[in-house]
Amino acid sequence: MRKYQQLALVIISLISIMVLIMYRNENSKLRYILEVVNFFGRTDAAALVRIENSTTFSHIAADFATPLPMWTRLGSEFHAYSSFWTKNSFSAGGEVVTLVVGLRHAIVNFRCQLQFPGHASLMSGKFEFAREEYNEVASGSAEEFLMYRFLCKVSRDFGTPETVVFVNTTSQAEHVLPIRSGRNNTLTPRTSLVACVDMVSSTLPKSSGKSLHIPERDILQYFIHHQIVGIDEFIVYDHYHITGHIRELLYRHGIKISILPYNFPFTVTADVQNRVFLETDCLLRTSHDANFVLLARINEYFYPTASLKRSKTLFKALSSHSADIQRFAVTTKTVCTEDSVRILAENHQYDPNAKILHPFIVYRMEAGVVENVKLLDLDPHVAIVHRYSRCSNKSSSSSLIDWRTTLKTDHYSYVMKITEELRKVL
């Protein structure tokens with residue numbers, strides 16, 4: 001009888017310990033929520049939305065930073081950044097696309113091999129390459145470079161490769177790169193809209209000259225703004241701006257970002273070259289995980305006519321065109337900033353004569369990687385972009401226009417709602 005009593009005590013003790021562990025876990029979650037509420041100093045709907053977002057991180061399946069890209073030297077004249085596995089479902093085999101920068105007149109002399117799981121030896125592939133030419137290049141430098149695509153093709157199905165090896169045919173030196181492959185979309189749905197954020201070639205409008213520092217408040221404002229709009233996923237190309245402290249603040253606001261290090265290996269670069277490179281990586285990286293993608297600098301604010309979570313107006317407009325239209329240019333206004341204005345949306349004057357260096361594009365990924373060059377203007381009553389910048393001294397006040405007069409009532413009302421939310425947080 002004593003044995004049964006001891007066994008019962010053991011069972012009761014184990015159950016008590018399990019209940020205690022569960023209680024501590026739930027209590028920790030509750031304390032975290034209360035800390036976040038205290039961090040905001042309020043318990044209104046906007047704060048609760050951010051709390052809800054922060055508690056759903058574990059349910060977001062897309063992992064845009066794996067494997068982590070990094071510049072890898074391929075000999076003395078080339079550097080590779082990232083590799084992607086692409087496969088046509090209607091034919092055997094596939095190819096690995098590797099994004100590379102190299103000197104313009106460099107000689108490309110490589111062969112390639114692929115490592116497939118379950119295979120002890122490497123599989124030889126067919127090596128090809130393509131140069132990306134630009135209308136604008138960083139000329140006048142000894143380091144004049146281009147973007148290359150190194151392709152490693154196989155014509156048979158061996159599975160999904162894990163690494164690609166480029167072998168210099170002259171020196172026989174081997175260079176190994178990890179490969180990013182697509183996930184199974186039958187198990188996890190695509191993200192509606194992913195924002196790729198260029199923090200490499202961007203400086204905030206409040207920064208004078210070419211300052212490399214981006215104030216913490218301005219970084220927070222950018223991501224919180226787009227979170228309010230309805231964007232949940234951010235891929236950030238960054239040198240050093242996102243510190244551990246800033247990342248912790250973003251997490252407290254319920255903002256998930258994938259940070260990709262981007263220290264360009266050459267000393268001279270043209271803006272258009274970096275943009276093309278980031279655009280290509282962004283589209284290849286999100287091709288299996290997103291329905292729509294945008295590439296923006298940190299001073300470019302996206303203003304749809306309504307929340308992307310509550311209205312499908314934007315997505316319906318983008319999907320209403322034939323499949324051969326995959327790129328949509330969003331109407332962009334260069335809004336002049338003032339140092340005394342804390343919330344950027346409260347700057348009301350824009351310069352209609354400001355030079356737009358590049359269009360702001362939303363990419364439609366439903367048909368796969370964007371490959372065509374067709375560009376269609378998106379209806380400005382569906383979405384606009386404000387590019388915040390210091391206006392030049394040549395811009396007189398008489399030539400500036402109040403952007404509020406250009407919006408429909410419902411669109412303007414939504415911009416004001418976003419502004420009010422930002423005032424409460426920042």
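Residues R364 and H321 approach most closely at NH1-O, 2.9 Å, considering heavy atoms. When every heavy atom of R327 is checked against every heavy atom of K374, the shortest pair comes out as CB-O, 3.4 Å. Pairing each heavy atom of W85 with each of L114, the nearest pair is CZ3-CD1, 4.5 Å. The two residues V108 and F78 have their closest heavy-atom pair at CG2-CZ, 3.7 Å. Nearest approach of T305 to H381, heavy atoms of both residues: CB-O, 3.5 Å. Shown here for V200 and Y262, the closest heavy-atom pair between the two residues is CG2-CD2, 3.4 Å.
F110 and F127 have tilted rings, their planes meeting at an angle from 30° to 60° on a 0 to 90° scale.
Counting only heavy atoms from C-beta outward, the side chains of H79 and L74 never approach each other to under 4.5 Å. Contact annotation: the side chain of V101 approaches that of P265 to within less than 4.5 Å [non-hydrogen atoms, C-beta and beyond]. Contact of the R387 side chain with the K333 side chain is not registered, since no non-hydrogen atoms from C-beta on lie closer than 4.5 Å. Proximity of I231 to L308: side-chain heavy atoms (C-beta onward) are separated by under 4.5 Å at one or more points. With contacts defined as side-chain heavy-atom distances shorter than 4.5 Å, the pair P261/H239 does not qualify. Residues S287 and M365 form a side-chain contact, since some pair of their non-hydrogen atoms from C-beta on lies under 4.5 Å apart. With contacts defined as side-chain heavy-atom distances shorter than 4.5 Å, the pair M70/Y81 does not qualify. Annotation: side chain of V197 is in contact with side chain of M199 (closest heavy-atom distance under 4.5 Å).
Across I255, V194, L250, a single residue satisfies side-chain contact (heavy atoms from CB on, under 4.5 Å) together with F234, and that is I255.
Distance alone, capped at 3.5 Å, places no donor-acceptor pair between the H225 side chain and the I418 backbone. Between the side chain of R285 and the main chain of F64, a donor-acceptor pair closer than 3.5 Å is present. Side chain of S413 to backbone of T409: a donor-acceptor contact under 3.5 angstrom is found. Remark: side-chain polar atoms of W403 are not paired, donor with acceptor, to backbone N or O of T334 under 3.5 angstrom. A donor-acceptor contact shorter than 3.5 Å links the side chain of S307 to the backbone of K309. Put simply, the side chain of D238 gets close to the backbone of I242: a donor and an acceptor are under 3.5 Å apart. Between the S389 side chain and the C391 main chain, no donor and acceptor come within less than 3.5 Å of each other. In this structure, the side chain of Y148 does not engage the main chain of T98 through any donor-acceptor pair within 3.5 Å. No donor-acceptor distance shorter than 3.5 angstrom exists from the side chain of E338 to the backbone of R342, with no hydrogens or angles considered.
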Do D157 and K87 pass the salt bridge (charged side-chain N to carboxylate O under 4.0 Å, His left out) test, and can you show the C-alpha distance, the side-chain angles, and the key distance before you say yes or no? CA-CA 10 Å; D157 287 327; K87 177 175 174 56; 2.7 Å; yes
Show your working on side chain to side chain contact (heavy atoms under 4.5 Å, CB included) between R275 and L357 and close with a plain yes or no. CA-CA 11 Å; R275 182 170 180 82; L357 297 178; over 6 Å; no
Under the side-chain hydrogen bond (donor to acceptor under 3.5 Å, both in side chains) rule, what do T170 and N109 come out as? Steps first, then yes or no, please. CA-CA 7 Å; T170 302; N109 53 351; 2.7 Å; yes
Could you please spell out the steps behind the ring pair (Phe, Tyr, Trp, His ring centres under 6.0 Å) verdict for F264 and F145? CA-CA 12 Å; F264 199 75; F145 59 87; 5.0 Å; yes
Run the ring pair (Phe, Tyr, Trp, His ring centres under 6.0 Å) test on F277 and W71 for me, step by step, so that the C-alpha distance in whole Å, both residues' side-chain angles and the decisive distance to 0.1 Å come before the verdict. CA-CA 13 Å; F277 199 97; W71 291 106; 5.3 Å; yes
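For the residue pair Y363/E279, the side-chain donor-acceptor check at 3.5 Å is satisfied. Side-chain N/O atoms of N291 and S192 include no donor and acceptor closer than 3.5 Å. Between the side chains of T405 and D402, no donor-acceptor pair is found at a separation under 3.5 Å. A donor-acceptor contact under 3.5 angstrom links the side chains of D281 and Y237, judged on distance only. R404 and H348 form a side-chain donor-acceptor contact under 3.5 Å, judged by distance and modelled atom types alone.
For Y303 and H386, the gap between ring centers is short of 6.0 Å. Here the two rings, on H226 and Y301, have centers that are under 6.0 Å apart.
Electrostatic pairing of K417 and E420 does not count as a salt bridge here, judged by no charged N lying under 4.0 Å from a carboxylate O. Comment: K126 engages E128 in a salt bridge, judged by a side-chain N to carboxylate O separation of less than 4.0 angstrom.
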Return all side-chain donor-acceptor pairs below 3.5 angstrom for residues 160-167, not counting sequence neighbours, or 'none' if the list is empty.
none

